[in-house]
Amino acid sequence: DGGITQSPKYLFRKEGQNVTLSCEQNLNHDAMYWYRQDPGQGLRLIYYSQIVNDFQKGDIAEGYSVSREKKESFPLTVTSAQKNPTAFYLCASSRGVGGTDTQYFGPGTRLTVL
Amino acid sequence: SQKIEQNSEALNIQEGKTATLTCNYTNYSPAYLQWYRQDPGRGPVFLLLIRENEKEKRKERLKVTFDTTLKQSLFHITASQPADSATYLCAPTGSGGYNKLIFGAGTRLAVHP
């Protein structure tokens, strides 16, 4: 089955700790994305990557970091510098970054800071 | 700045009726507009894409319109079913280069038997 997976589904973190969210896709897509979703708000772009070994900041990159060492993988690290990290995090991929390229989303990771 | 507006209040309709959801955008001239469905606790799923030169697009019970003069897209579900209950997100996008999808907050649809 082709698709995009995220793990874990639920994640709890203590204040001051870094945590890494996993995202893997086997769709052979070049582009990958990380979004954050808060209640009543739209998806906000954190980082995106158009190709391996390259990534760009989105609208709310502060307190987050990413890497893109493999085409299939785009992990997101939520650092202690992120002031309000509790949210639902969504990873997505697309064939390209053109206007007609639709995005395929993973099931999401719900992060709670205790 | 670019702004996407969708009805924040939930839309409640009876099974069998047509649901109509609205997406308005400002400070933006998108070449395409995408619609996604999101179920609670899950990632969005792509439904339809419409181009700026297309007035209307259909897929089974779904219909999308795109009015670049009004800066508005309408999303219709005909013969609605309880299984259509979900949040629907619109996402306009441009053309050329990197085209960031800007998602609206979505409208929650509840179809009652």
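Numbers restart at 1 for each chain; the letters A, B, ... are given by sequence-line order, proteins then strands.
- Residue A:Phe12 is found in a hydrophobic cluster whose other members, listed by chain and number, are A:Tyr10, A:Leu114; membership requires side-chain heavy atoms under 4.5 Å apart, directly or through intermediates.
- With hydrophobic clusters built from ILVMFWY side chains whose heavy atoms lie under 4.5 angstrom apart, B:Leu11 does not share a cluster with B:Leu74.
- Using a 4.5 Å cut-off between heavy atoms, B:Arg51 touches chain A through its side chain atoms alone.
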| request: Run the numbers on B:Leu101 and A:Tyr33 for side-chain contact (heavy atoms from CB on, under 4.5 Å), then give the verdict. | output: CA-CA 11 Å; B:Leu101 287 180; A:Tyr33 313 79; over 6 Å; no

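- A:Gln103 contributes no side-chain N or O that, together with a main-chain N or O of B:Val45, makes up a donor-acceptor pair within less than 3.5 Å.
- Crowding of B:Leu70 atom CG: a count of heavy atoms from other residues, nucleotides or ligands under 6.0 Å exceeding 12.
- Ring centers of A:Phe105 and B:Phe46: at least 6.0 Å apart, outside the cut-off.
- When every heavy atom of B:Gln34 is checked against every heavy atom of A:Gly99, the shortest pair comes out as NE2-O, 3.2 Å.
- Annotation: side chain of A:Leu90 is in contact with side chain of B:Gln38 (closest heavy-atom distance under 4.5 Å).
- Residues B:Leu109 and B:Leu47 share a hydrophobic cluster, clusters being chains of Ile/Leu/Val/Met/Phe/Trp/Tyr side chains in contact below 4.5 Å.
- A heavy-atom distance below 4.5 Å is found between the side chains of B:Pro44 and A:Leu43.
- Only the backbone of A:Asp101 comes within less than 4.5 Å of a heavy atom in chain B; its side chain stays farther off.
- Environment of CZ in A:Arg95: sparse, with no more than 12 heavy atoms of neighbouring residues, nucleotides or ligands closer than 6.0 Å.
- Considering all non-hydrogen atoms of both residues, B:Leu49 and A:Thr100 come closest at CD1-CA, 3.6 Å.
- Neither B:Ile50 nor B:Phe103 shares a network with the other; the hydrophobic side chains, linked directly or stepwise wherever heavy atoms of I, L, V, M, F, W or Y lie under 4.5 Å apart, form separate groups for each.
- Under the 4.5 Å side-chain heavy-atom criterion for grouping Ile, Leu, Val, Met, Phe, Trp and Tyr, B:Ile4 is not connected to A:Leu45 through any hydrophobic cluster.
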